[in-house]
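First comes the structure, then the notes that go with it.
Lettering follows sequence order; numbering is per chain, from 1.
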Number of protein chains: 2
Amino acid sequence: MPAPSPSAARAGFPVSRQVLADHVYEALLEWLMDGRLEPGAAVSIDGMARELDVSPTPVREALARLEHTGMVRRVALKGYRVAPVFTREDFAELMEARLSIEPVNARLACTRMTPEGLDSLKQAVEDLKTAPRGGSFAEYRSYLEADERFHQLIAAQANNQFLLAAYNTLGGQIQRFRLFGGVGITDAEQAIAEHQAVLDAMTTGDPEKAAAMMVDHVEKVRGRAMADAPEE
Amino acid sequence: MPAPSPSAARAGFPVSRQVLADHVYEALLEWLMDGRLEPGAAVSIDGMARELDVSPTPVREALARLEHTGMVRRVALKGYRVAPVFTREDFAELMEARLSIEPVNARLACTRMTPEGLDSLKQAVEDLKTAPRGGSFAEYRSYLEADERFHQLIAAQANNQFLLAAYNTLGGQIQRFRLFGGVGITDAEQAIAEHQAVLDAMTTGDPEKAAAMMVDHVEKVRGRAMADAPEE
DNA sequence: CTGCCGCCGTTCCTATAGGATTTGTGCCAT
DNA sequence: ATGGCACAAATCCTATAGGAACGGCGGCAG
């Protein structure tokens with residue numbers, strides 16, 4: 001099977017005009033977030049190629065891109081492994097980084113907020129409130145997704161490509177921690193209230209308050225996670 | 001020619017136990033910083049492979065990694081291009097991002113500074129002072145290198161992997177701007193004094209002053225570059 | 001002279017082949 | 001029984017082949 005696309009291309013709809021490596025990238029990202037690939041596990045190039053029924057070349061390219069996100073680590077001539085679980089130290093560093101970037105994003109986003117952006121934010125908070133938060137992972141998956149989306153949207157509304165890129169690098173790690181950090185959802189009600197507070201400041205158009213509320217939120221996230229003290 | 005390595009590997013010294021894609025990555029990075037690859041220029045995979053006398057596969061992998069640094073952009077099925085020159089808008093965003101990250105780095109670095117780190121910083125400032133700043137690019141190359149090294153060292157001393165990663169993403173762009181921003185070295189004496197001020201605060205061990213001096217420096221860099229008003 | 005069309009080269013993209021090295025297993029000797 | 005060694009499998013890495021699409025160029029019709 002040389003290429004599966006021409007049939008679709010001839011139909012006038014170049015629908016699948018996407019590179020195979022992109023599909024592999026997204027598949028790997030999803031597997032990483034799903035927990036199907038556990039931290040520390042080896043990610044064999046050939047094996048993954050067999051699993052996805054493609055050749056090793058696109059897998060190699062996808063992994064090369066993924067490495068820069070910190071989700072996987074590469075050792076030359078040894079292969080790729082899923083990044084190990086966060087230690088308490090790692091987590092502290094991650095929160096420190098969030099505290100230096102996210103409040104800035106919040107302040108800028110507040111001054112540059114578009115009506116559509118505000119609507120998206122409101123939707124994210126609404127989704128947080130209505131999302132099921134049952135015990136199984138599949139159940140609170142949408143909750144975590146809305147959480148990440150909220151922060152991502154703020155970074156996007158800050159309207160600064162570099163800050164957005166910087167946040168996105170963190171965002172993947174944050175989301176991965178939410179999944180594998182050892183803590184499930186703790187005090188969802190309070191977390192939602194904190195998000196709401198940020199949103200309110202945005203709606204009011206008070207940049208300083210938005211930044212302050214973001215600081216408050218991240219610090220409390222840190223507090224809750226540290227209190228629940230994962231393993232080690 | 002299947003593989004050029006075994007001759008060296010048999011000698012007992014697996015000296016060149018490095019992946020070819022790494023060499024390509026470094027070569028491309030150097031070419032990007034040297035100006036041999038001008039902004040906007042197409043970077044053909046096959047062409048680059050011929051030029052470096054390797055197969056397209058390692059080139060593809062190197063470019064995939066490079067994309068995440070923002071140095072090159074990729075359009076699916078069209079290929080890679082060197083990222084275009086900074087607009088004034090881009091530059092303003094970059095400085096905004098620096099202002100939200102570098103002072104934090106400076107503050108943290110000040111509290112966590114090691115003696116060796118301080119020595120490295122002093123060396124960097126010393127190199128700034130002694131570096132030639134002639135008209136030709138090759139002459140002030142070492143000046144720019146020392147400038148970048150100073151900021152990079154501070155990010156490293158902040159001892160936070162995420163902040164370091166965030167800075168490094170910016171660092172490449174900053175360095176690229178220093179080269180292609182249209183402005184050469186303006187007011188080197190004043191820039192050196194600003195670096196020295198940051199270093200002094202670090203030596204004294206005054207985190208707040210270090211952060212303040214860093215803010216001052218970045219803002220003045222922005223001022224100088226904006227005043228010199230590149231094209232457009 | 002101008003506009004359109006087919007041809008050819010280039011390029012991206014994926015698959016496949018094969019060399020080099022590491023890892024695991026089973027067998028043999030001590 | 002245990003330690004060491006050979007063989008085999010898996011893996012990484014690079015090169016090569018070939019399909020599909022895009023772009024430029026020359027020739028031909030109007």
- May I ask you to verify if any side-chain N or O of A:Ser55 is less than 4.0 angstrom from the OP1 or OP2 atom of C:dA15?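 Yes, within the criterion.
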- Message: Please determine whether a side-chain nitrogen or oxygen atom of B:Arg50 lies at a distance below 4.0 Å from atom OP1 or OP2 of C:dT10.
- Response: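 For C:dT10, neither OP1 nor OP2 has a side-chain N or O of B:Arg50 closer than 4.0 Å.
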- Task: Considering non-hydrogen atoms only, spot the tightest contact between A:Ala191 and A:Arg224 and give its length.
- Result: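 Looks like CB-NH2, 3.7 Å.
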Just the rounded figure in Å: distance from [atom2] of [N] to [atom1] of [X].
{"X": "A:Leu77", "N": "C:dT21", "atom1": "CG", "atom2": "P", "answer": "10 Å"}
{"X": "B:Lys78", "N": "D:dG23", "atom1": "NZ", "atom2": "C1'", "answer": "9 Å"}
{"X": "B:Asp22", "N": "D:dC12", "atom1": "CG", "atom2": "C1'", "answer": "13 Å"}
{"X": "A:Asp53", "N": "C:dT14", "atom1": "CG", "atom2": "P", "answer": "14 Å"}
{"X": "B:Met48", "N": "C:dT10", "atom1": "CE", "atom2": "P", "answer": "16 Å"}
{"X": "B:Arg81", "N": "C:dC12", "atom1": "CZ", "atom2": "P", "answer": "11 Å"}

- Query: If you look at every strand shown and take non-hydrogen atoms under 4.0 Å, does B:Arg74 touch a base, only sugar-phosphate, or nothing?
  - Reply: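 Nothing, no heavy atom under 4.0 Å.
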[X] side-chain proximity, nearest of [options]:
{"X": "A:Val19", "options": "C:dC13, D:dT16, D:dC22", "value": "C:dC13"}
{"X": "A:Ser44", "options": "D:dT14, D:dC12, C:dT11", "value": "D:dC12"}
{"X": "B:Ile45", "options": "C:dC13, D:dT11, C:dT14", "value": "C:dC13"}

- Task: Using a 4.5 Å cut-off on heavy atoms from C-beta on, say whether the side chain of A:Phe86 contacts that of A:Arg176.
- Result: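 Heavy-atom side-chain distance check passes, below 4.5 Å.
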- Message: Can you confirm whether A:Glu145 sits close enough to A:Arg149 that some side-chain heavy atom of one is under 4.5 Å from a side-chain heavy atom of the other?
- Response: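 They are in side-chain contact.
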- Task: Could you go through the side chain to side chain contact (heavy atoms under 4.5 Å, CB included) check for A:Glu96 and B:Leu108 one step at a time?
- Result: CA-CA 10 Å; A:Glu96 191 174 74; B:Leu108 293 175; 3.4 Å; yes
- Task: Kindly calculate the angle separating the two end axes of the helix from C:dC1-D:dG30 to C:dT30-D:dA1, each obtained from five base pairs, and round it to 10 degrees.
- Result: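 Answer rounded to 10°: the end axes differ by 10°.
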- Decide whether B:Asp127 and B:Gln123 meet the rule of one side-chain donor and one side-chain acceptor closer than 3.5 Å.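 Per modelled atom types, B:Asp127 and B:Gln123 side chains form a pair under 3.5 Å.
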- Task: Consider only side-chain N and O atoms of B:Asn159 and A:Glu93, and report whether a donor and an acceptor are under 3.5 Å apart.
- Result: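 B:Asn159 vs A:Glu93: no donor-acceptor pair found between side chains.
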- Query: Please, which pairs that meet salt bridge (charged side-chain N to carboxylate O under 4.0 Å, His left out) have at least one residue in residues 67-85 of chain A, sequence neighbours excluded?
  - Reply: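 Every pair satisfying salt bridge (charged side-chain N to carboxylate O under 4.0 Å, His left out) with a residue in residues 67-85 of chain A: A:Arg74-B:Asp22.
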- Would B:Arg133 count as a cation-pi partner of B:Tyr140, with NZ or CZ less than 6.0 Å from the six-membered ring centre and within 45° of the ring normal?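 The answer is no; the distance or angle limit is not met.
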- Message: For A:Asp46 and B:Thr57, find the nucleotide of DNA chain C closest to each by heavy atoms; which residue's nucleotide sits nearer the 5' end?
- Response: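 Final value for this comparison: B:Thr57.
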- Task: Mind listing the residues from residues 59-73 of chain A sitting with a heavy atom below 4.0 Å of DNA chain D? Number order is fine.
- Result: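 When residues 59-73 of chain A is checked for heavy atoms under 4.0 Å from DNA chain D, the hits, listed by number, are A:Arg60.
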- Task: Look at the rings of A:His151 and A:Tyr167 and say which category their plane angle falls in: under 30° parallel, 30 to 60° tilted, over 60° perpendicular.
- Result: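 The arrangement is parallel - the two ring planes meet at less than 30°.
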